[in-house]
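To start, the structure under review is shown below, and the notes come after it.
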Number of protein chains: 2
Amino acid sequence: MKQKKSNSREKILTAAADVAREAGPGNLSLDAVASRAGVSKGGLLYNFPSKAKLMQALVEEYLNDFQQALETARAAEPDKTLLANYLRLSAQECDETKDAASWIFSAIAEDPDFLTPMKTFKRQLFERLKADTPNLKTLLVTYLAIEGLRSLSLFDTDLLNEGERELLVDTLLEIANG
Amino acid sequence: MKQKKSNSREKILTAAADVAREAGPGNLSLDAVASRAGVSKGGLLYNFPSKAKLMQALVEEYLNDFQQALETARAAEPDKTLLANYLRLSAQECDETKDAASWIFSAIAEDPDFLTPMKTFKRQLFERLKADTPNLKTLLVTYLAIEGLRSLSLFDTDLLNEGERELLVDTLLEIANG
DNA sequence: TTGACATTACCGTCCAGACGGTACAGTAAG
DNA sequence: CTTACTGTACCGTCTGGACGGTAATGTCAA
């Protein structure tokens with residue numbers, strides 16, 4: 001019964017991400033989100049009874065999307081290892097969505113506990129990777145490196161140029177497949 | 001002695017970091033910082049004319065400390081490469097200061113531009129590393145991996161156990177020296 | 001030495017504005 | 001009648017920071 005929902009929910013969620021990016025992570029107010037979404041404040045509160053619920057939904061949606069993308073990638077290239085799929089998908093995500101995940105800082109500012117689902121998600125995925133990857137060193141180095149890349153993109157630090165990023169990802173995939 | 005030693009400044013700075021950690025990044029209020037530092041609000045505003053200045057000082061102090069630690073480490077072990085020194089120092093920093101840098105999120109919530117000094121610092125250091133490291137692949141992989149480790153510790157994600165972290169750092173140093 | 005003034009380093013209060021959230025009446029569609 | 005809102009009015013709280021003191025510490029002239 002998950003599939004119902006008005007399109008307002010989706011509009012509000014993307015509006016929240018937009019406001020977080022444009023107004024800054026600390027200025028994510030319900031008023032701003034509502035007006036950005038073209039919805040009244042009452043309407044927002046109807047869909048998300050509190051700011052906390054909105055944040056929660058933001059995190060859950062993000063996690064869902066990633067999971068789904070991972071499964072899709074895995075189905076599309078079953079010959080590749082899970083690690084290789086994960087690395088490529090993450091690199092791609094960092095590449096395209098410039099700082100789309102800036103709302104994460106809003107969530108942290110509101111309450112760091114909102115990240116708990118992300119942590120458990122990461123832990124589960126890491127366990128899966130450990131079970132699937134024969135060489136622990138390989139996993140550690142490549143996983144952490146891609147985590148570093150994610151960190152740079154999250155903080156909007158353009159430290160690497162195009163060539164360097166490409167070289168890095170290629171190298172990581174090489175290591176993962178070696 | 002031209003340098004007036006008002007120890008209030010230092011007290012306030014550490015108090016700010018403490019409050020950020022304990023009350024959460026989004027609840028860093030001047031009142032809380034002042035009372036935590038054992039200083040009145042007026043006194044706080046005397047030392048830091050605005051919240052923005054306080055944040056700025058926090059960032060600058062952090063950067064100064066790191067730079068100083070790096071130079072010290074370099075002087076102590078001149079035979080090691082700059083990269084090796086950087087990796088070890090960063091790993092150590094992630095290890096001991098659990099989530100001491102939680103105030104960073106406060107700064108971001110206040111205004112993401114507060115991170116600009118950190119970005120330029122990183123860029124300069126990275127340029128230095130590039131000039132000093134013959135193999136670019138080596139630099140990219142190890143630098144990003146340590147950045148990943150820093151990210152995990154910043155977000156307080158205890159993904160790796162003691163052995164894994166040790167294995168990772170050893171491997172990185174091996175790669176850097178290989 | 002002393003008295004007068006200046007600066008430093010801080011105290012404590014007050015306030016305007018922003019924000020999350022509530023309440024409630026209305027409405028258009030199915 | 002229910003669902004999914006709109007719109008307005010409102011409340012309590014929190015927060016940055018402006019402001020007016022004030023005690024201690026210099027500084028300097030007589």
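Order of the sequence lines sets the chain letters (A, B, ...), proteins ahead of strands, with each chain counted from 1. Only this structure's heavy atoms are used, side chains among them; waters, hydrogens and symmetry mates stay out.
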Taking five pairs at each terminus, the helix from C:dT1-D:dA30 to C:dG30-D:dC1 shows an axis bend, to 10°, of 10°
Is the shortest distance from a Lys or Arg side-chain nitrogen in A:Lys130 or A:Glu127 to a carboxylate oxygen in the other one below 4.0 Å? yes
Select one nucleotide: of D:dC5, C:dC10, C:dG20, the one nearest the side-chain heavy atoms of B:Ser8. C:dC10
Presence of salt bridge, A:Arg9 and A:Glu61, under 4.0 angstrom: no
In residues 38-48 of chain A, which ones come under 4.0 Å of DNA chain D, going by heavy atoms? A:Gly38, A:Val39, A:Ser40, A:Gly42, A:Gly43, A:Tyr46, A:Asn47
Looking at B:Asp158 and A:Lys119, is there a salt bridge between them, counting it only when a charged N and a carboxylate O are closer than 4.0 Å? no
Nucleic acid contacts of residues 51-62 of chain B, taken as heavy-atom distances under 4.0 Å to DNA chain C: none
Separation of B:Asp31 atom CG from C:dC14 atom P, in whole Å? 14 Å
Less than 4.0 angstrom from a charged side-chain N to a carboxylate O is my criterion; do A:Glu93 and A:Arg150 meet it? yes
Which heavy atom of B:Ser8 sits nearest to which heavy atom of B:Val39, and what is that distance? OG-CG2, 4.3 Å
Measure CZ/B:Arg9 against P/C:dC10 and give the value in whole Å, please. 11 Å
What pairs of residues pass the ring pair (Phe, Tyr, Trp, His ring centres under 6.0 Å) test when at least one of them lies in residues 129-178 of chain A, not counting sequence neighbours? A:Tyr86-A:Tyr143, A:Phe105-A:Phe155, A:Phe126-A:Tyr143
Can you tell whether the side chains of A:Arg74 and A:Glu71 come within less than 4.0 Å, N to carboxylate O? no
Whole Å only: how far is the CD1 atom of A:Ile12 from the C1' atom of D:dA4? 11 Å
May I have all residue pairs that pass salt bridge (charged side-chain N to carboxylate O under 4.0 Å, His left out) and include part of residues 166-178 of chain A, sequence neighbours excluded? A:Glu174-B:Lys137
Check whether any side-chain N or O of B:Asp111 sits under 3.5 Å from a backbone N or O of B:Ala107 as a donor-acceptor pair, and report yes or no. no
Show me, pair by pair, the donor-acceptor contacts under 3.5 angstrom made by side chains of residues 49-58 of chain B, not counting sequence neighbours?
unit_1: B:Ser50; atom_1: OG; unit_2: B:Ala52; atom_2: N; d: 3.4
unit_1: B:Ser50; atom_1: OG; unit_2: B:Lys53; atom_2: N; d: 3.3
unit_1: B:Lys51; atom_1: NZ; unit_2: B:Leu28; atom_2: O; d: 2.8
unit_1: B:Lys51; atom_1: NZ; unit_2: B:Glu110; atom_2: OE1; d: 3.2

Between B:Glu147 and B:Lys122, does any NZ, NE, NH1 or NH2 come within less than 4.0 Å of an OD or OE carboxylate oxygen? yes
note: A:Glu110, atom CD; C:dC19, atom P; distance rounded to Å ~ 12 Å
